[in-house]
Amino acid sequence: MDKLYLKDVEIFANHGVFKEEKALGQKFILSLELELNLREASKNNDLTKSVHYGELCHEIEKEFQKESYDLIETAAEKIAEYVLFNYNLVKGIKVLLKKPWAPIGRHLNYAAVEIERRWNTAYISLGSNIGDKENNIKIAIDKLKECKEIKVTKISSVIETEPWGYKEQDTFKNAAIEIKTILSPKELMTRLLNIEKDMKRERIIKWGPRIIDLDIILFENIITTDEDVTIPHPRMEERLFVLEPLNEIAPNAINPLSRKRISKILEEQKQLTTNN
């Protein structure tokens with residue numbers, strides 16, 4: 001990925017824990033490293049296919065001075081979010097924020113933090129078998145669209161499937177979506193659980209009836225062992241109701257565990273189901 005840099009931009013602002021820092025202000029030094037594709041801009045001499053770094057410099061100064069934060073960690077996070085939310089061409093950003101006048105009672109060049117944030121691609125499976133099933137899926141997607149940290153980029157068609165695991169229940173409606181998100185997998189899982197809670201999902205029977213079910217199937221090429229979120233989803237390759245809508249929007253996505261494309265996994269699972 002190509003990169004664009006803003007290095008050592010000096011900005012006077014009022015961030016800091018101490019009241020004197022908030023009242024008097026001090027100098028900060030901000031550097032940005034943007035990840036974006038500059039191929040089209042460079043080939044066609046077209047500024048609209050790049051980021052106007054002069055404009056960006058002025059905009060981040062205004063954003064940096066807009067509020068006062070105790071921590072430079074928060075100030076850096078806000079700058080990263082501002083750039084990612086407002087400059088669609090930017091896929092990732094590294095922010096280095098230096099505080100040369102840090103009031104620690106010792107001589108130093110500066111205190112600093114460095115953070116990296118980017119838009120990651122994830123795939124989410126949605127299911128419902130209570131009430132207006134298809135509308136429940138639509139409501140869940142709309143709630144995801146309300147999150148500024150999430151962009152819903154692809155939506156599969158909705159299919160009807162037989163229940164899996166616990167058979168004594170109504171049929172399901174299922175779908176899959178592709179999203180771009182700056183959230184971590186754990187943060188994304190928390191967001192999904194909150195949507196389920198908002199929609200009054202009850203967990204009474206394992207694999208039982210549910211008004212909405214939201215699962216992270218894939219998140220980039222990440223493999224996790226976190227007890228709160230397991231990625232790839234541990235039973236994704238067994239479930240046609242996950243694979244069929246996912247194959248519609250991402251047939252070439254790869255399960256990093258099996259190293260197989262979704263289209264291949266679906267083909268194998270259908271063959272296995274036919275043979276059984």
Side-chain angles (χ1 to χ4, degrees), residues 1 35-37 77 80-81 83-85 87-94 115-128 136-159 173-199 201 210 212-266:
M1 187 67 71
E35 291 185 18
L36 66 166
N37 188 340
E77 185 77 32
E81 289 181 354
V83 174
L84 290 172
F85 294 159
Y87 291 84
N88 291 331
L89 293 174
V90 178
K91 308 305 180 187
I93 183 171
K94 182 186 293 184
I115 65 171
E116 289 189 59
R117 301 291 181 264
R118 67 185 63 255
W119 290 110
N120 292 301
T121 301
Y123 295 96
I124 296 171
S125 175
L126 305 92
S128 174
N136 292 338
I137 290 172
K138 179 182 181 301
I139 290 171
I141 294 172
D142 288 342
K143 285 181 178 291
L144 283 167
K145 289 179 178 179
E146 292 171 4
C147 303
K148 64 180 181 179
E149 301 93 347
I150 295 171
K151 299 177 182 178
V152 177
T153 47
K154 292 182 182 178
I155 303 174
S156 77
S157 55
V158 177
I159 63 172
K173 295 285 189 176
N174 292 97
I177 60 173
E178 177 191 84
I179 67 168
K180 306 290 184 183
T181 183
I182 65 170
L183 297 174
S184 69
K186 193 169 184 177
E187 290 170 333
L188 177 59
M189 192 71 250
T190 298
R191 192 66 57 93
L192 298 184
L193 291 173
N194 286 340
I195 290 174
E196 290 183 348
K197 184 178 179 181
D198 288 345
M199 294 181 67
R201 174 176 176 175
R210 66 213 78 170
I212 194 67
D213 186 31
L214 302 171
D215 287 314
I216 303 172
I217 304 303
L218 299 170
F219 193 109
E220 292 289 338
N221 61 350
I222 289 176
I223 299 171
T224 73
T225 57
D226 192 305
E227 61 182 17
D228 296 317
V229 52
T230 304
I231 302 172
H233 192 282
R235 288 171 294 277
M236 63 169 287
E237 295 200 359
E238 304 170 19
R239 297 175 168 179
L240 289 174
F241 66 83
V242 170
L243 294 171
E244 288 181 345
L246 184 58
N247 182 67
E248 181 184 329
I249 60 173
N252 293 321
I254 295 174
N255 182 335
L257 281 174
S258 65
R259 304 304 302 167
K260 294 179 181 178
R261 297 188 188 278
I262 295 302
S263 57
K264 181 64 175 177
I265 298 170
L266 175 59

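- Smallest separation of non-hydrogen atoms from Arg261 and Pro251: CB-O, 3.7 Å.
- Once rounded to the nearest 0.5 Å, the distance linking NZ of Lys91 with NZ of Lys180 reads 7.5 Å.
- Looking at Leu257, Thr230, Ile231 one by one, the single match for side chain to side chain contact (heavy atoms under 4.5 Å, CB included) with Ile223 turns out to be Leu257.
- Within a 6.0 Å radius of NZ in Lys138, no more than 12 heavy atoms belonging to other residues, nucleotides or ligands are found.
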Ile177 and Leu144: side-chain contact (heavy atoms from CB on, under 4.5 Å), yes or no, with the steps? CA-CA 10 Å; Ile177 60 173; Leu144 283 167; 3.5 Å; yes
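- Separating the CD1 atom in Ile216 from the NE2 atom in His233 is a distance of 9.5 Å, to the nearest 0.5 Å.
- Panel note: side chain Thr224, backbone Val229; a donor-acceptor pair is recorded below 3.5 Å.
- Among pairs with a residue in residues 246-258, those fulfilling side-chain hydrogen bond (donor to acceptor under 3.5 Å, both in side chains) read Ser157-Glu248, Glu237-Asn255, Glu237-Ser258, at least two apart in sequence or across chains.
- Looking at every heavy atom in both residues, Ile195 comes nearest to Lys143 through CG2-CD, 3.8 Å.
- The line from CZ of Arg239 to CG of Leu243 is 10.0 Å long, rounded to the nearest 0.5 Å.
- Partner of Leu126 under the side chain to side chain contact (heavy atoms under 4.5 Å, CB included) criterion, chosen from Leu192, Val158, Ile141: Ile141.
- In this structure, CG on Asn174 lies 6.0 Å from CD1 on Ile137, to the nearest 0.5 angstrom.
- Put simply, the side chain of Thr181 never gets that close to the backbone of Asn120: no donor and acceptor are under 3.5 Å apart.
- Annotation: the span from Leu266 atom CG to Leu246 atom CG amounts to 9.0 Å, rounded to 0.5 Å.
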Start with the C-alpha distance between Asn37 and Leu89, add both sets of side-chain angles, then the distance that settles side-chain contact (heavy atoms from CB on, under 4.5 Å), and finish with yes or no. CA-CA 7 Å; Asn37 188 340; Leu89 293 174; over 6 Å; no
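- When all heavy atoms of Ile182 and Glu81 are compared, the pair lying nearest together is CD1-CG, 4.1 Å.
- With respect to Lys94 and Glu35, no salt bridge is recorded, no charged nitrogen being found less than 4.0 Å from a carboxylate O.
- Checking side-chain atoms of Thr153 against main-chain N and O of Glu178 turns up a donor-acceptor pair under 3.5 Å.
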Criterion side-chain contact (heavy atoms from CB on, under 4.5 Å) on Leu188 and Ile150, from CA distance to verdict: CA-CA 9 Å; Leu188 177 59; Ile150 295 171; 3.9 Å; yes
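- With values rounded to the nearest 0.5 angstrom, Glu220 atom CD is found 8.5 Å from Tyr123 atom OH.
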Step by step, would you call Glu149 with Glu187 a side-chain contact (heavy atoms from CB on, under 4.5 Å)? CA-CA 10 Å; Glu149 301 93 347; Glu187 290 170 333; over 6 Å; no
